Amino acid sequence: MSDELYQARIVALAKSKTGAGKLAAPTKSARRDNPLCGDRVTIDVRLADGRIAEIAHQVRGCLLCQASAAALAATAVGRDAAGIAELRHDAERAVGREAGKAHAPFDAFEPVASHKSRHECVLLPFEALKDALS
Amino acid sequence: MSFDVGAVRRQFPILSEIIDGKPVHYLDNGASAQTPLAVLDAVRRYETTGRANVLRGVHRLAERATELYENARADVASFLGVQPMEIVFTGGCTAAINLVSHAYGQLLKRGDRILISELEHHSNIVPWQLLRQRSGVELDMLPVTTDGQIDLGALPRLLTSETKLISLAHVSNVTGALLDVRKVVEAAKSVGAKVMLDGAQRAPHGPLDLNALGVDFYVFAGHKAYGPNGIGVLWARPELLEAMPPFMGGGSMIGRVTLAETTWAPPPRRFEAGTPPIGPAIGLGAACNWMAALDWTATHDHEMGLVQRVLDGLQKIDGTQILGPASLQNRYPVVSFMLDGVHPHDVAQTLDSFGVAVRAGHHCAQPLMDRFDLDGTTRVSIAPYNDNSDIDALLTGVRHAANTLR
Ligand SMILES: Cc1ncc(COP(=O)(O)O)c(C=O)c1O
């Protein structure tokens with residue numbers, strides 16, 4: 001019996017660990033906890049002219065949260081807050097909270113749509129990044 | 001008598017359901033156990049042939065309801081080896097602990113101390129922190145050993161003549177460790193402290209003799225003991241119940257009410273303000289009778305045999321670690337483990353795809369997670385109706401998670 005949720009792309013994103021770690025000299029960082037499941041994400045960003053020049057994340061949490069943070073790190077550089085909001089729409093579409101088709105890499109999270117209790121795992125890195133950018 | 005797991009399973013309708021194409025391997029009994037037909041029937045009988053309020057009516061339905069409710073109190077008392085009038089029905093285990101923290105808390109004064117432990121469920125931590133805020137009592141914490149037991153070696157250091165209450169989990173909802181009650185009671189006596197046990201994880205595993213245990217308060221939850229939701233039990237020594245003021249005010253708990261002053265009813269009614277959870281209490285009485293009818297020597301052996309199967313199976317999977325006693329000594333059938341490189345929620349989610357229900361996370365015991373610097377654990381909690389196939393499905397799922405998620 002294979003598990004439908006943990007499809008190869010999600011597992012590969014998590015294992016890629018893209019952006020995992022800390023920045024030496026972050027402009028800003030922010031931490032977000034999910035009190036329900038205990039997942040914890042810290043995001044560091046270095047900003048140049050209001051855009052993300054470098055990003056790193058430390059995730060103490062599940063595979064979905066790690067995969068989402070890696071996908072975010074892979075796509076965030078060069079974006080400002082509005083550009084990150086676009087990525088968030090993608091993540092929200094993937095888990096079925098918004099209508100429409102998600103773009104890569106966030107379309108990898110489509111299998112999470114039917115697991116409501118895990119949506120927050122995917123969205124937590126976005127929450128932390130929003131705090132870091134505000 | 002002996003133990004026939006097939007016969008037990010047939011009494012739990014949910015165990016033969018196929019849900020979303022998957023069988024039910026229910027190993028989350030520590031969160032909520034399943035309910036046997038005997039309990040469902042008792043509740044249905046009340047709801048269909050005796051539903052009315054208790055203690056208030058003279059009509060026959062009210063009398064019947066009152067009798068069923070009081071019979072349930074007697075059944076629970078008999079399960080605990082105590083007298084019916086020493087049993088207070090509450091809304092749950094958490095409600096029972098809060099009742100004690102308020103009512104017994106009224107008898108405490110600033111500077112008095114309460115001793116709990118690092119492995120307690122939040123419901124045996126937070127009510128005492130709230131009492132500390134209200135009345136200035138102090139809280140002390142027994143530490144936990146590396147194998148997840150309360151370290152009673154620290155008792156002499158932490159007990160003082162100001163310690164008025166020691167409140168500990170009889171069985172840990174995370175590690176499954178069984179408390180050495182005799183040692184706690186002896187130490188408590190030496191300073192004149194009372195002992196309360198949180199029996200949420202012990203009561204579902206057979207009758208108790210609370211007087212022989214020598215404790216002063218005992219609490220547990222109906223829904224973990226094969227009974228309905230919304231019902232819990234507080235037992236306390238009669239002289240303590242007698243000394244405690246009410247927690248909540250309302251109907252049924254009074255002697256006489258005038259606008260100037262109200263006198264209290266004697267226990268247990270003093271602590272059962274308002275309409276109680278009548279159907280759930282009746283269901284819990286039936287659950288206690290159901291448990292009492294099992295041969296617990298054989299049942300315990302069956303449960304612990306399954307624990308051994310879990311421990312043996314996990315040991316063969318690379319990177320697993322048990323949080324709790326490594327052997328069957330001093331433990332009950334709750335097993336927490338970590339799988340190196342895989343988050344507990346991902347283990348639990350994978351298990352769900354195999355039809356295996358377990359709990360993952362901090363189990364409402366965050367101080368214990370902090371003690372071991374853990375995000376959480378995956379917890380397997382076993383009931384008499386579990387069998388080898390449940391454990392084998394569990395182990396298959398854990399192996400699958402180990403092979404695919406790291
Ligand atoms: C040891 C322990 N104490 C207390 C509780 C609280 O029980 P309830 O939520 O039913 O009030 C639980 C339930 O998880 C428990 O395991």
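In this text, all values refer to a predicted model and were calculated from it rather than measured experimentally. Lettering follows sequence order; numbering is per chain, from 1.
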On a heavy-atom basis, which atom in H343(B) and which in D39(A) lie closest, and how many Å separate them? NE2-OD1, 3.7 Å
Locate the shortest heavy-atom distance separating H345(B) from Y6(A); write the atom from each residue and the value. O-OH, 3.8 Å
Under 4.5 Å to a heavy atom of chain B? For R118(A) that would be side chain
[X], [atom1]: over 12 other non-hydrogen atoms inside 6.0 angstrom:
{"X": "N403(B)", "atom1": "CG", "result": "yes"}
{"X": "D370(B)", "atom1": "CG", "result": "yes"}
{"X": "D131(A)", "atom1": "CG", "result": "yes"}
{"X": "K15(A)", "atom1": "NZ", "result": "yes"}
{"X": "Q315(B)", "atom1": "CD", "result": "no"}

When heavy-atom pairs shorter than 4.5 Å are enumerated against chain B, which of C62(A), C65(A), A14(A) gives the highest number? C62(A)
Do you know which of D375(B), V342(B), T404(B) has the most heavy-atom pairs with chain A at a distance under 4.5 angstrom? D375(B)
Which bit of L351(B) is near chain A, if near means a heavy-atom gap under 4.5 Å: side chain, backbone, both or neither? neither
Counting only non-hydrogen atoms closer than 4.5 Å, does H362(B) touch chain A with its backbone (N, CA, C, O), its side chain (CB onward), both, or neither? side chain
Could you name the residues of residues 46-61 of chain A that have a heavy atom within less than 4.5 Å of a heavy atom in chain B? R60(A), G61(A)
Nearest 0.5 Å please: distance from the CG atom of D346(B) over to the SG atom of C121(A). 8.0 Å
With a 4.5 Å limit on heavy-atom distance, are the side chains of R406(B) and V11(A) in contact? no
